[in-house]
Amino acid sequence: MAPVEVEPYRGLTFQEATRRFQAALLRDALEENGWSVTDAAAKLDLARSHAYRLVRAFNLSRR
């Protein structure tokens, strides 16, 4: 497993760093799966409904 880069999270609270990491992880999974929330949720071992809530909470959209 590759080490996680800590520098982008310097100066953030634990909660904010965690939210940013989660958003980036979900965005990567969505992009890898053609923005299929069902497939991205399965890859991340999340309930599909929770993945949809996270997409809305993080305001994720295709670039």
Residue list, side-chain hydrogen bond (donor to acceptor under 3.5 Å, both in side chains) with Asp39, at least two apart or on another chain:
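For Asp39, the residues satisfying side-chain hydrogen bond (donor to acceptor under 3.5 Å, both in side chains) (neighbours in sequence not counted) are Ser36.
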Show which side-chain atoms of residues 14-32 pair as donor or acceptor with protein atoms under 3.5 Å away, not counting sequence neighbours.
unit_1	atom_1	unit_2	atom_2	d
Glu16	OE2	Arg20	NE	3.0
Thr18	OG1	Phe14	O	2.8

Tell me which donor-acceptor pairs under 3.5 Å the side chains of residues 46-59 have, and how far apart each pair is, sequence neighbours excluded?
none

